[in-house]
Amino acid sequence: TNSNQVKGTGVFKHGVVLHLRGDYLRLHGLLKSLENLSWKFYWESLDYQVKEYPHAEIELRVFTLSSEEGLLGV
């Protein structure tokens with residue numbers, strides 16, 4: 001995880017990278033579940049690669065914004 005202040009705003013960006021593996025339907029279902037969580041985050045990037053059909057890997061970078069510098073939930 002990392003935390004950076006968004007330039008000149010007093011807002012801090014808290015990011016995390018998730019590495020996920022599975023077939024398309026399982027990964028799609030997991031991403032839909034993440035979107036429906038009560039806490040909100042922003043998607044920075046998603047890299048989807050099929051390694052050996054039907055198995056794929058996703059590298060998902062997400063972040064939240066906060067007025068506090070420390071890690072969220074810690």
Side-chain angles (χ1 to χ4, degrees):
T1 62
N2 60 38
S3 175
N4 299 338
Q5 186 171 12
V6 178
K7 189 175 181 178
T9 63
V11 175
F12 295 89
K13 178 180 173 181
H14 307 278
V16 66
V17 178
L18 302 172
H19 294 271
L20 311 168
R21 293 181 186 161
D23 62 50
Y24 177 82
L25 290 177
R26 292 191 95 160
L27 292 172
H28 182 266
L30 178 60
L31 294 175
K32 293 300 279 179
S33 295
L34 290 174
E35 286 184 325
N36 292 325
L37 289 173
S38 61
W39 52 275
K40 298 301 176 192
F41 55 87
Y42 301 94
W43 298 58
E44 190 167 323
S45 67
L46 184 145
D47 180 32
Y48 179 88
Q49 294 184 15
V50 175
K51 294 299 182 177
E52 183 177 324
Y53 183 82
H55 304 289
E57 294 181 2
I58 289 178
E59 179 181 280
L60 175 63
R61 293 178 182 269
V62 297
F63 66 93
T64 60
L65 298 174
S66 168
S67 61
E68 297 185 27
E69 184 175 7
L71 294 175
L72 296 178
V74 177

With sequence neighbours excluded, give me every salt bridge (Lys or Arg N to Asp or Glu O under 4.0 Å) pair touching residues 41-57.
Lys13-Glu44, Arg21-Glu57
Would you give the length of the straight line joining atom CZ of Arg61 to atom CG of Leu46, rounded to the nearest 0.5 angstrom?
11.0 Å
Hey, what do you get for CG (Leu65) to CZ (Phe12), rounding to the nearest 0.5 Å?
11.5 Å
Set of residues satisfying side chain to side chain contact (heavy atoms under 4.5 Å, CB included) with respect to Leu34, sequence neighbours excluded
Leu18, Leu31, Leu37, Phe41, Leu60
Taking side chain to side chain contact (heavy atoms under 4.5 Å, CB included) as the test, write out the residues that go with Tyr24, two or more places apart.
His28, Tyr48
For His55, enumerate each residue passing the ring pair (Phe, Tyr, Trp, His ring centres under 6.0 Å) test, keeping only those at least two apart in sequence or located in another chain.
none
Which pairs with one or both residues in residues 30-40 pass side-chain hydrogen bond (donor to acceptor under 3.5 Å, both in side chains), sequence neighbours excluded?
none
